[in-house]
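Read the structure below first, then the notes.
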Amino acid sequence: MTRIQKTVFILVALVALVIGLTVYRVLNSERQIDPTQMLDAGIVILPQGRDVPKLTLTNQDGEPVQVDQLEGKWTLLFFGYTFCPDICPATLAELRQLRGQLPDEVREQLRPVLVSVDPARDTPEQLKQYLEFFGEGFVGLTGTLDDIQTLANGVGIPFIPGETSRENYTVDHSGNLVIIGPDGRQHGFIRAPLKVQKLSQQLPALLSRKK
């Protein structure tokens with residue numbers, strides 16, 4: 001091999017290396033978490049994961065669910081109720097829209113869960129009928145008021161129970177979502193109102209993490 005051929009070979013190898021590194025960075029940049037963009041999308045990540053209160057609630061099919069064992073997927077907990085006149089139907093509709101904008105493999109990793117803050121009226125049957133309006137994949141949980149308040153306070157989303165003695169009472173609650181990782185621990189929040197477009201761009205990077 002002549003000196004010119006060696007020089008050309010080295011240059012070609014260097015160019016290939018640079019191109020390879022560039023492609024690698026581009027492909028992986030979509031999965032990098034940018035704290036600034038996350039905050040702009042309303043996503044707040046905790047410095048460390050927090051344990052979720054250990055208690056059992058009942059899903060819309062009447063089956064017991066241990067909340068501290070919501071593992072295997074990323075879970076978005078929303079505290080609301082089926083008789084809510086505004087925040088709840090709007091938030092659930094936005095979650096349905098968000099899920100529709102996510103790639104299939106990302107959507108399959110995401111589990112939206114409505115925890116009722118109105119267990120006096122939200123039976124499993126009521127939850128099931130209500131969630132059917134928002135499509136498949138939504139989970140509803142209900143239980144005793146004490147357990148639900150313990151969970152809400154434990155994940156930093158307190159609410160004020162409604163006056164059940166009044167007709168058509170309402171419940172004061174937050175529109176924020178709780179982020180629970182595949183390890184069953186709380187990893188952050190999504191602030192209300194939901195920014196669907198920005199969330200659809202940022203959630204894939206978050207959900208690509210193992211925990």
Side-chain angles (χ1 to χ4, degrees), residues 42 52 55-145 147-149 151-152 155 157 159-162 164 166-182 184 186 189-200 203-204 206-207:
V52 175
L55 49 85
T56 301
L57 298 179
T58 303
N59 68 14
Q60 72 267 39
D61 294 318
E63 301 168 338
V65 175
Q66 292 182 255
V67 181
D68 61 310
Q69 295 184 6
L70 288 173
E71 301 175 345
K73 292 185 177 183
W74 286 88
T75 300
L76 297 182
L77 284 187
F78 172 58
F79 290 84
Y81 63 113
T82 64
F83 290 84
C84 179
D86 40 39
I87 295 177
C88 299
T91 300
L92 292 172
E94 288 170 342
L95 280 173
R96 177 180 60 188
Q97 181 183 357
L98 172 62
R99 295 179 74 232
Q101 294 184 12
L102 295 173
D104 291 344
E105 65 274 13
V106 176
R107 184 169 56 251
E108 291 173 358
Q109 299 176 53
L110 190 63
R111 174 171 45 206
V113 177
L114 169 64
V115 181
S116 175
V117 295
D118 182 22
R121 292 181 293 190
D122 283 343
T123 62
E125 294 78 14
Q126 174 68 18
L127 283 172
K128 187 170 186 175
Q129 182 179 11
Y130 182 74
L131 290 174
E132 286 177 351
F133 289 108
F134 303 99
E136 298 180 356
F138 284 81
V139 176
L141 296 177
T142 188
T144 67
L145 181 59
D147 280 347
I148 293 170
Q149 281 199 295
L151 175 60
V155 296
I157 308 287
F159 65 92
I160 301 175
T164 57
R166 296 181 181 179
E167 186 177 2
N168 298 323
Y169 63 87
T170 57
V171 182
D172 290 330
H173 66 96
S174 170
N176 291 344
L177 308 181
V178 178
I179 302 173
I180 297 179
Q186 180 183 359
F189 303 91
I190 297 179
R191 295 179 303 203
L194 301 186
K195 302 176 181 179
V196 174
Q197 187 61 40
K198 291 183 178 180
L199 285 171
S200 68
L203 279 178
L206 177 63
L207 271 57

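We count residues from 1, following the sequence as given. Heavy atoms only: backbone and side chains are in, while hydrogens, waters and symmetry mates are out.
Without hydrogens or angle criteria, Y81 side chain to V171 main chain gives a donor-acceptor distance under 3.5 Å. A donor-acceptor pair under 3.5 Å is absent between the side-chain atoms of Q69 and the main chain of V65, judged by distance alone. A donor-acceptor contact shorter than 3.5 Å links the side chain of Q60 to the backbone of G140. In this structure a side-chain-to-backbone donor-acceptor pair under 3.5 Å is present from R111 to E71. Between the side chain of T91 and the backbone N or O of C88, no donor-acceptor pair lies under 3.5 Å.
Ring geometry for F78 versus H173: interplanar angle over 60°, hence perpendicular rather than tilted (30 to 60°). Ring geometry for Y130 versus F133: interplanar angle over 60°, hence perpendicular rather than tilted (30 to 60°).
Heavy atoms of other residues, nucleotides or ligands lying less than 6.0 angstrom from CD of Q129 number 12 at most.
The minimum heavy-atom distance linking G137 with P112 is given by the pair O-CD, 3.5 Å. Of all heavy-atom pairs spanning F189 and Q186, the tightest one is CZ-NE2, 3.2 Å. The shortest non-hydrogen separation linking P119 to G143 is CB-O, 3.0 Å. C84 approaches P89 most closely through the heavy-atom pair O-CD, 3.6 Å. The shortest heavy-atom contact between N59 and P124 is O-CB, 3.5 Å.
Proximity of D68 to L55: side-chain heavy atoms (C-beta onward) are nowhere separated by under 4.5 Å. Residues L145 and D147 have side chains not in contact (no heavy-atom distance under 4.5 Å, counting atoms from C-beta outward). Counting only heavy atoms from C-beta outward, the side chains of L141 and T58 never approach each other to under 4.5 Å. Residues F79 and L151 form a side-chain contact, since some pair of their non-hydrogen atoms from C-beta on lies under 4.5 Å apart. In this structure, L98 and L194 have side chains that are not in contact, with every pair of non-hydrogen atoms separated by 4.5 Å or more. When side chains are defined from C-beta on, P161 counts as touching Q149, because their heavy atoms get closer than 4.5 Å. Counting heavy atoms from C-beta on, the side chains of L92 and L114 come closer than 4.5 Å. V196 places a side-chain heavy atom less than 4.5 Å from the side chain of Q101.
Sorted by first and then second residue, the salt bridge (charged side-chain N to carboxylate O under 4.0 Å, His left out) pairs involving residues 119-130 (not counting sequence neighbours) are D61-K128, D118-R121.
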Side chain to side chain contact (heavy atoms under 4.5 Å, CB included) between Y169 and T164, intermediate numbers included: CA-CA 6 Å; Y169 63 87; T164 57; 3.7 Å; yes

T123 and T142: CA distance, side-chain angles, deciding distance, side chain to side chain contact (heavy atoms under 4.5 Å, CB included) verdict: CA-CA 7 Å; T123 62; T142 188; over 6 Å; no

Which is it for V178 and I190 under the side chain to side chain contact (heavy atoms under 4.5 Å, CB included) test, yes or no, and what are the steps along the way? CA-CA 6 Å; V178 178; I190 297 179; over 6 Å; no

Begin from the C-alpha positions of F159 and I148 and carry the test side chain to side chain contact (heavy atoms under 4.5 Å, CB included) through to its verdict. CA-CA 10 Å; F159 65 92; I148 293 170; 3.8 Å; yes

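Here K73 contributes atom NZ and L207 contributes atom CG; the two are 11.0 Å apart, rounded to the nearest 0.5 Å. Interatomic distance, CG of L70 versus CD1 of I180, reported as 5.5 Å (0.5 Å rounding). One distance of note links CG of L57 with OG of S116; it measures 10.0 Å at 0.5 Å rounding. Annotation: the span from R96 atom CZ to E94 atom CD amounts to 11.0 Å, rounded to 0.5 Å. Separating the CD1 atom in I157 from the CG atom in L177 is a distance of 8.0 Å, to the nearest 0.5 Å.
For D104, the salt bridge (Lys or Arg N to Asp or Glu O under 4.0 Å) partners two or more places apart in sequence, or in a different chain, are R107. Scanning for side chain to side chain contact (heavy atoms under 4.5 Å, CB included) contacts around E108 gives an empty result, with sequence neighbours left out.
No side-chain donor from either of T56 and Q66 sits under 3.5 Å from a side-chain acceptor of the other.
Cation-pi contact between R99 and F134: absent, since separation from the ring centre below 6.0 Å together with deviation from the ring axis within 45° is not met.
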